[in-house]
Amino acid sequence: MPELSHRRRMLVLSICCMSLLIVSLDNTALNVALPSMQRELHATTSGLQWTIDAYTLVLASLLMLAGSTADRIGRKRVFMAGLVIFTAGSLLCSLAPNLELLVVFRMVQAVGGSMLNPVAMSIITNTFTEPRERARAIGVWGAVVGISMAAGPLAGGLLVESVGWRSIFWVNLPVGLAALLLTLRFVPESRAPRPRRPDPVGQVLVIALFGSLTYAIIEAPDASLTKVLPFAAVAVAALLALLIYEPRRAEPLIDLRFFHSAPFSGATGIAVSAFAALGGFLFLSTLYLQNVRGLDALHAGLWMLPMAVPTLLCAPLSGRLVGSRGPRLPLLIAGAAMTVSGLLFALFEAETSDVTLFLGYVLFGVGFGFVNAPITNTAVSGMPRTQAGVAAAVASTSRQLGQTLGVAVIGAVLAAGIGSSPYRGTFVSAARPGWWILAACGAAVLVLGLLTSGRWAHRTAERTAERLETAEVRQPVGTSG
């Protein structure tokens with residue numbers, strides 16, 4: 001890709017951030033709409049879980065395929081296709097007559113979404129080649145998540161109260177169309193010199209692993225063991241098959257050599273933990289504020305602002321800290337804040353008091369604001385630029401898998417605790433195990449941040465990058481298809 005002017009690079013960054021905005025805004029706004037959808041579509045707790053997880057599950061399953069495909073056939077081309085499919089899926093979601101079709105249309109959305117975030121990150125990585133400038137760009141990218149968290153619940157609540165939950169999907173239509181036209185005009189095409197071949201077996205195994213695991217977790221509270229255990233067994237078998245099959249391929253869907261780098265492995269684990277906490281936190285908070293406190297969607301969205309605003313403010317600060325001092329300090333702040341937030345709810349029932357509820361939301365927002373930039377920067381900075389799409393896709397997959405598991409596990413714990421009882425009488429006690437899980441996710445961010453940001457970890461990253469670059473040089477030119 002040719003070197004671009006500073007102004008053109010900023011424009012490319014803005015366009016890429018637009019894609020992240022509609023994907024993130026859609027998820028955060030939809031969380032506020034869950035109680036309204038529950039009433040209109042007569043959904044159970046597991047039905048609400050599937051509304052969220054159908055999207056994140058498909059997204060997680062296809063992100064790596066989208067990243068490698070973009071490296072092969074062109075990042076701009078795949079990015080534009082993703083915008084078209086995501087926008088069309090949003091229109092279908094707004095027209096869904098029942099829960100089942102809404103879940104199906106959310107999956108269509110996710111097919112398009114899988115072509116957006118990892119490909120956009122790959123475009124950014126190849127546009128901003130200077131490390132500090134790249135870290136700042138990634139900080140801006142992370143700030144967009146904060147913007148979506150700040151605007152999503154408030155905009156979603158306003159739309160739900162004034163028009164209805166279907167209008168949430170309408171927001172994606174003008175933004176998606178504008179991003180498509182701007183991409184066509186201003187984003188240059190780029191691709192990897194030696195992209196990977198397709199890996200259909202690996203792709204099927206990933207879908208089997210993620211899908212069966214999520215189904216087993218979500219349906220566990222309501223289904224018998226004879227129905228759940230086969231899916232759990234499929235998940236285990238798919239995982240073992242991936243670990244055996246992928247290292248045997250010259251160009252696997254998941255290059256397990258990436259995980260020889262301690263920072264990359266740490267970033268993957270941190271992404272799963274942090275986004276599991278985010279998914280569970282939003283799920284519990286939305287149901288509590290509306291079904292227990294009795295707030296309408298708009299006021300529930302306003303209560304999300306103490307979490308969203310710190311995320312918005314801390315994300316660019318985290319990006320600057322990563323660029324100047326490395327990822328350790330932002331990860332330590334993130335892990336400590338998220339852990340304390342979870343403990344406030346688990347130990348002191350923070351949701352029962354306005355003061356502690358506000359404090360718990362602020363702490364979680366600070367923690368999540370600091371965690372995104374070091375994840376992304378660590379995942380892509382130590383990898384060869386020619387495989388930026390694959391490395392970014394693994395990081396994005398970890399985020400979506402974490403959010404999927406967070407909603408699945410926390411929702412299952414909540415459903416098991418509530419059973420057939422009303423929300424108002426049993427929610428606080430039923431949610432307590434979920435808050436302990438979220439506190440554990442924050443502790444995992446803290447510990448992994450400490451373990452994988454030291455000098456020895458950087459040495460493993462350097463050795464891994466050298467091996468990957470050597471393997472690329474040795475690979476015959478015609479083997480990549």
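What you see is a predicted model, and the numbers here were worked out from it, not measured in a lab.
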(message) Quick check: do R72 and T69 have side-chain heavy atoms less than 4.5 Å from each other?
(response) yes
(message) So does L48 get a backbone contact from the side chain of Q38, meaning a donor-acceptor N/O pair under 3.5 Å?
(response) no
(message) Under a 3.5 Å distance rule, please check whether S318 uses its side chain to pair with a backbone N or O of F370 as donor and acceptor.
(response) yes
(message) Keeping R248 on the side-chain end and I244 on the backbone end, is there a donor-acceptor pair under 3.5 Å?
(response) yes
(request) Compare every heavy atom of V407 with every heavy atom of Q49, then report the nearest pair and how far apart it is. (result) NE2-O, 3.1 Å
(message) Just verifying a value: how many Å separate F345 CZ and Y288 OH, rounded to the nearest 0.5 Å?
(response) 9.0 Å
(message) Please check: side-chain N/O of Q400 versus main-chain N/O of L59, any donor-acceptor pairing under 3.5 Å?
(response) no
(message) Which residues pass the salt bridge (charged side-chain N to carboxylate O under 4.0 Å, His left out) test with R432, not counting sequence neighbours?
(response) E349
(message) Would you compute the distance between atom CD of E189 and atom OG1 of T183 and round it to the nearest 0.5 angstrom?
(response) 11.0 Å
(message) Side chains of S190 and R75 only: does a donor on one sit below 3.5 Å from an acceptor on the other?
(response) yes
(message) Are M37 and L102 packed together at the side-chain level, in the sense that at least one heavy-atom pair is separated by less than 4.5 angstrom?
(response) yes
(request) Determine, step by step, whether L62 and V111 satisfy the side-chain contact (heavy atoms from CB on, under 4.5 Å) criterion, reporting the C-alpha distance in whole Å, the side-chain angles of both residues, the deciding distance to 0.1 Å, and the verdict. (result) CA-CA 7 Å; L62 298 181; V111 173; 4.0 Å; yes
(request) Quick one: closest heavy-atom pair of A276 and C441, and the distance? (result) CB-SG, 4.2 Å
(request) Give, for atom CD1 of I123 and atom OG of S19, the distance between the pair rounded to the nearest 0.5 Å. (result) 8.0 Å
(message) Determine whether a donor-acceptor pair (N or O, by modelled atom type, separation under 3.5 Å) exists between the side chain of S167 and the backbone of W170.
(response) no
(request) Check G156 against V32 and note the closest heavy-atom contact, atom names and distance. (result) C-CG1, 4.5 Å
(message) Using 0.5 Å steps for rounding, measure from the CD1 atom of I254 to the CG atom of L65.
(response) 11.5 Å
(message) Just so I know, are the side chains of V23 and Q109 near enough to count as touching, which here means a heavy-atom distance under 4.5 Å?
(response) no
(request) Would you sort out whether V409 and I437 count as a side-chain contact (heavy atoms from CB on, under 4.5 Å), showing the intermediate values? (result) CA-CA 9 Å; V409 172; I437 294 172; 3.9 Å; yes
(message) Is it the case that the side chain of T214 and the backbone of G211 share a donor-acceptor pair, with hydrogens and angles ignored and the cut-off at 3.5 Å?
(response) no
(request) Could you tell me how the ring of W165 sits relative to the ring of F169: parallel (under 30°), tilted (30 to 60°) or perpendicular (over 60°)? (result) perpendicular
(request) Kindly give the heavy-atom pair with the smallest separation between S61 and V206, and that separation in Å. (result) O-CG1, 3.9 Å
(request) For the pair S341 and F281, evaluate side-chain contact (heavy atoms from CB on, under 4.5 Å) and give the outcome as yes or no after the intermediate values. (result) CA-CA 10 Å; S341 174; F281 197 98; 3.7 Å; yes
(message) Quick one, T404 with Y55, criterion side chain to side chain donor-acceptor pair (under 3.5 Å). Give me CA distance, side-chain angles, the key distance, then yes/no.
(response) CA-CA 9 Å; T404 301; Y55 179 84; over 6 Å; no
(message) Determine whether F275 and F368 satisfy the following criterion, ring-ring contact (aromatic ring centres under 6.0 Å, His included), listing intermediate values before the conclusion.
(response) CA-CA 9 Å; F275 278 77; F368 192 75; 5.1 Å; yes
(request) Please check if the side chain of R106 supplies one atom and the backbone of T51 the other of a donor-acceptor pair under 3.5 Å. (result) yes
(message) Please check: side-chain N/O of S90 versus main-chain N/O of F86, any donor-acceptor pairing under 3.5 Å?
(response) yes
(message) Minimum heavy-atom separation for L321 and P330, please, with both atom names.
(response) CB-CG, 3.8 Å
(request) Indicate whether any N or O donor in one side chain lies under 3.5 Å from an N or O acceptor in the other, for Y361 and S285. (result) yes
(message) A side-chain contact here means heavy atoms from C-beta on lying under 4.5 Å apart; do L438 and F364 qualify?
(response) no
(request) Give a yes or no answer on whether the side chain of T45 reaches the backbone of A415 with a donor-acceptor pair at less than 3.5 Å. (result) no
(request) To the nearest 0.5 Å, tell me how far L239 CG sits from L213 CG. (result) 9.5 Å
(message) Looking at every heavy atom in both S398 and T268, which two are closest together, and how far apart are they?
(response) OG-CG2, 3.0 Å
(request) Answer yes or no: is there a side-chain heavy-atom contact under 4.5 Å between D255 and P252? (result) yes
(request) If the plane angle is over 60° it's perpendicular, under 30° parallel, otherwise tilted; pick one for Y215 and W50. (result) tilted
(request) Report yes or no: does T339 contribute a side-chain atom to a donor-acceptor pair with the main-chain N or O of G442 at less than 3.5 Å? (result) yes
(request) Measure the CG-CG distance between L450 and L332 for me, rounded to the nearest 0.5 Å. (result) 4.5 Å
(request) Taking only Lys NZ, Arg NE, NH1 and NH2, and the carboxylate oxygens of Asp or Glu, determine whether R166 and E40 approach each other closer than 4.0 Å. (result) yes
(message) Is any side-chain heavy atom of M115 closer than 4.5 Å to one of L83?
(response) no
(message) Are the side chains of P153 and L305 in contact, using a 4.5 Å heavy-atom criterion?
(response) no
(message) Does S114 form a side-chain contact (heavy atoms from CB on, under 4.5 Å) with V58? I'd like the steps, not just the answer.
(response) CA-CA 8 Å; S114 70; V58 172; over 6 Å; no
(request) Report yes if the side chains of L401 and F210 come closer than 4.5 Å at any heavy-atom pair, otherwise no. (result) yes
